[in-house]
Amino acid sequence: MPKTKSPLPAGQHRLSWNEIRSRATKFSKEWAGAHSENAEAQTFWNEFFDVFGLSRKRVASFEEPVKKQDGRDGRIDLLWKQVLMVEHKSLGKDLNAAVHQALDYFPGLTDQDLPQYVLVSDFARLRLHDLEGGTDFQFELKDLHKEVRRFGFMVGYQTQSYGEQDPVNVRAAERLGRLHDLLRESGYTGHKLEKLLVRLLFCLFADDTGLFERRSFQDLIEQRTSIDGADLGHWLADLFQVLDTRVEERQKKLDEDLAAFPWVNGKLFEEPLPIAAFDTEMRTALLQACGLDWSRISPAIFGSLFQSIMDKEVRRNLGAHYTSETNILKALRPLFLEDLEAEFNRVKRSRKQLAAFHQKLAKIRILDPACGCGNFLVIAYRELRMLEMDVLRALYKSRLKKGMEEGLSIDEYLLLDVDQFYGIEIEEFPAQIAQVALWLMDHQMNLLAGEEFGQLVSRLPLTKHAKIVQGNALRMDWSEVVDPSVLSYIVGNPPFVGSKFLTDEQKLDVASTFKARKGSGLLDYVSCWYVLAMNFISSNPSIRVAFVSTNSITQGEQPSALWLPLLEQGLQFHFAHRTFQWSSEGRGRATVQCVIIGFGLQDVSQRYLFQYKDPLTAPERVAVSRINPYLVDGPDVVLRSRSHPLCDSPEIGIGNKPIDGGQYLFKPDEKAEFLQSEPKAKKCFRRWYGADELLNGKERWCLWLGECPPSELRKMPHCMERIAAVRALRKASKSAPTRKLAETPTRFHVENIPDSDYLAIPEVSSERREYIPLGFLGPDTLASNLLKVMRHASLFHFGVLQSRMHMAWTRAVCGRLESRYRYSAEIVYNNFPWPDPDKKSSLAIENAAKTVLSARDVHGDATLADLYDPRTMPANLVKAHRKLDQAVDKAYGAPRFSNEAKRVAFLFELYSQIAEDALNRP
């Protein structure tokens, strides 16, 4: 038969689809009507591979011996390990039988060699099975030129869809992680090990995506290195040197296999590394990593993958360490992607406007000042390149098709590149990974462009790179990384570190950023990035910013310390995602409750709040006229810590705080045992209520000796022992005030001893509850410091505080312990805008409050936790609360609220009026 082989141009490892289609047409015509002699079949497949620019000899073998399922010997017509198995039949034979014969060979192959595709043919027909994708397609040989894209897997043109939890990601981490562990155990550690792993990751990715000739890296390891691995380190060192050397500057007698690799550039392979000593086990681990299809691993999770490789604990909980693309897009889309997509749709029918829009995309510059492994930058680049593809389709597709026939290159039309991205990262190797991940995403988008327009797109050698600077973003001038006059957006998720968990170095960062500003010691670490971002954009107010942050910067005491000065600088909130759970699906991994805040110095025509029914649900997007520091539609007010209520309402305080080391607190059995030896102490015991006791009905007792006459105390030796123990405990304290308390060991550090019924409010309560359960306690009970206490509370006070109105306020402004409500007197209660009802409205609230208490009493054995669990809340209690809510709303003169956001906006307006009136009072 005539030969179709046409050698590839030097240095080009992949043909364009146009070239492949042309070769396929010629191949089909030349093989029309062929017969099935063995020599011809092998020639057929040699030339079939050549259609795609592949040397069959380099990647696949004929007549591969194998044990069949029944134990008999067999021979596979053609096997490309891990990729493709071919079974060839005579003209007109049953192709179903050929498929079954091929599958019969699978048990005789190792897991590492199992192919994903099975291809059968009888010269006239081809049938391709994707065993992993579950697809099966048959066509005539004469139509091969129409179906060549089905064979994109052979040349790295495959279009992949990436799943964050795709099992291949886990296997990749495990296999390369195994190599990492073996190298580290052998003494190859630190900088050199991490650098080596970065290079190997690049090579593995390049081997399966067309940056290298398919499988050339794996073949080099498999075929040229010794089984004992003794020379593997030297081969890798030679390869890295080759990848860093221009083709024309390489030695003329360079090994042929090494010479086939391209010049990569980009400084990735520039630094000489000590040669690693490998053994058989290490070589096997590397080959096992080579056995995976690395084209299925998205560069968007490349950084997370690298981190998992370097840390065994992270690897065990791999899912917890992928920054979810969904969550990243929650920041990127409202920050700029949605506006750009809308603009594209407006201008796509005007060639002039579309060309200007394309130039606009090419001028976008993005900074992530806490970039880690570059996830935000990588996803941003991908989305911008996808938008550029839309532009190219609309503006240039017909011209490109025509131009390709004339040898015109699509490269001239691709304007976006990785040098539009900037990052700051405190650790050296995440910074390197960020840069590599951007290159890899650039390559994948070039593949997509090549597939779309039928032309090879390659940017090797690498001539442009993102500017990723390694350093502490809180101690450096961001304008040295990127000129603010050219920057478009700042985005990222700075470290999630609460104020109580800062290292000494981080505390210095906070001090350096806030210059000893009052209240800065309360702030989470992420607050520093807001301050520096505002300072940076002051010279270019067109820059827009979005940060993922711990939600506590919008709750409790932090807003007044952080946002008030920034509002005075002119900060405008553009959009915000209220509290949601930052994606973390790893086993045994604590979740993080986050917000996303988009802001800048420019006013915007439309603002959006993204509300979540609970932190795990999808958000509801709500258009609002304004956003305040609590991420609600309300005026720009910041609640200050107040020592007394804003309105004319009773004071609340904390319960009792013994500081007794548990000497005065008893469980029921402990109390009974104590009274057996000290019966006179019975009258000194009082029921003890903390949040757990109030909500869950647990029983605890307190031995209250503070009002017991000394003469009686001295007659109770076991009580005296406990007093002595408390005294010793306090004397040993490092705190001077606590040591002072040792002088009065029968008294509590904080005392709130009731003389009548009082209202108890749990300081911490589940966020799942629609209402924080409040309860009345009698004078014979003592509240712990985990309860807030309102003495002499009336049914009116109970009714208002137990209403939906007060709960909406609490949810908006309270602090959080993890995601649970943390009720405070100084922020939540003392700033709460109470209604000013007439007598009729007050009476309605009191009666409705009685109904709520009566509805609880019907379920005598149920605890407050049982009653207020949203899954088990009784119907009569729900009904009673709805009646109470209506009465309270009416007392406020409030309109009907379609959602909680409008209710909170109403309360903030009322707060502003009351606070302003209070300031104007003489």
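Please read all numbers here as calculations on a predicted model, not as lab measurements.
Taking both residues in full, the closest heavy atoms of R769 and R811 are given as O-NH1, 3.8 Å, listed atom of the first, atom of the second, then distance. The two residues C719 and A681 make their nearest non-hydrogen contact at SG-CB, 3.8 Å. Heavy atoms only, all atoms of each residue included: L665 and C702 are closest at CD2-CB, 4.0 Å. Heavy atoms only, all atoms of each residue included: L705 and T746 are closest at O-CB, 3.8 Å. Residues Q558 and L523 approach most closely at OE1-CA, 3.4 Å, considering heavy atoms. Counting all heavy atoms, side chain and backbone alike, T851 lies closest to K883 at OG1-NZ, 4.1 Å.
Heavy atoms of other residues, nucleotides or ligands lying less than 6.0 angstrom from CG of D648 number 12 at most. Within a 6.0 Å sphere centred on CZ of R640, heavy atoms belonging to other residues, nucleotides or ligands number 12 at most. When the shell of 6.0 Å around CD of E673 is examined, it contains 12 or fewer heavy atoms from other residues, nucleotides or ligands. The number of heavy atoms from other shown groups lying within 6.0 Å of CZ (R727) does not exceed 12.
For the pair P773 and L695, the minimum side-chain heavy-atom distance is below 4.5 Å. Between W529 and L532, every side-chain heavy-atom pair lies at or beyond the 4.5 Å cut-off. In this structure, the side chains of C594 and F496 come closer than 4.5 Å at one or more pairs of heavy atoms. The shortest side-chain heavy-atom distance between L787 and Y689 falls under the 4.5 Å cut-off. The side-chain heavy atoms of Y758 and N752, taken from C-beta on, include no pair separated by under 4.5 Å. Between P559 and Y630 there is a side-chain heavy-atom pair separated by less than 4.5 Å. Counting heavy atoms from C-beta on, the side chains of H806 and T810 come closer than 4.5 Å. At a threshold of 4.5 Å between non-hydrogen side-chain atoms, the residues L907 and Y892 count as touching.
Just one residue in the list Y525, F547, F514 forms a ring-ring contact (aromatic ring centres under 6.0 Å, His included) with Y530, and that residue is F547.
In summary, the aromatic rings of W809 and F908 are positioned with their centroids under 6.0 Å apart. Aromatic rings of H797 and W834 (six-membered ring for Trp) have centroids within the 6.0 Å cut-off, being under it.
E427 is linked by a salt bridge (Lys or Arg N to Asp or Glu O under 4.0 Å) to nothing, counting only residues two or more places apart in sequence or in another chain. Under the side-chain contact (heavy atoms from CB on, under 4.5 Å) criterion, L522 pairs with E557, not counting sequence neighbours.
Of the charged side-chain nitrogens involved, none lies within less than 4.0 Å of a carboxylate oxygen, so that R687 and D780 do not count as a salt-bridged pair. For the pair R804 and E770, the salt-bridge criterion is met [side-chain N within less than 4.0 Å of a carboxylate O]. Of the charged side-chain nitrogens involved, at least one lies within less than 4.0 Å of a carboxylate oxygen, so that K683 and E712 count as a salt-bridged pair. Using a 4.0 Å cut-off between charged side-chain N and carboxylate O, K698 and E693 make no salt bridge. Taking the charged nitrogens against the carboxylate oxygens, D869 and R871 do have a contact shorter than 4.0 Å, which makes a salt bridge. A salt bridge does not link E699 with K667: none of the charged nitrogens is closer than 4.0 Å to a carboxylate oxygen.
Side-chain atoms of S733 come within 3.5 Å of backbone atoms of S735 as a donor-acceptor pair (strictly under, hydrogens ignored). A distance-only check finds no donor-acceptor pair linking the side chain of S552 to the backbone of Q555 [under 3.5 Å].
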### Task
Applying side chain to side chain donor-acceptor pair (under 3.5 Å), run through N785 and N656 and close with a yes or a no.
CA-CA 5 Å; N785 60 304; N656 297 277; over 6 Å; no

### Task
Let me see the working for N696 and T863 under side chain to side chain donor-acceptor pair (under 3.5 Å), right down to the final yes or no.
CA-CA 5 Å; N696 295 301; T863 65; 4.9 Å; no

### Query
Does the pair Y823 and C814 meet the rule for a side chain to side chain contact (heavy atoms under 4.5 Å, CB included), with working shown?
CA-CA 6 Å; Y823 196 92; C814 75; 5.8 Å; no

### Residue pair H749, T738: steps toward the side chain to side chain donor-acceptor pair (under 3.5 Å) verdict
CA-CA 8 Å; H749 169 53; T738 302; 6.0 Å; no

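Aromatic ring orientation, Y612 versus F580: parallel (interplanar angle below 30°, classes split at 30° and 60°). Using cut-offs of 30° and 60° for the angle between ring planes, the F748 and W688 rings count as perpendicular. The aromatic rings of F666 and F674 are tilted relative to each other, their planes meeting at an angle between 30° and 60°.
Counting only residues at least two apart or in different chains, salt bridge (Lys or Arg N to Asp or Glu O under 4.0 Å) contacts with residues 833-847 are absent.
R856 and Y868 are linked by a side-chain donor-acceptor pair at a separation below 3.5 angstrom, with hydrogens and angles left out of the test.
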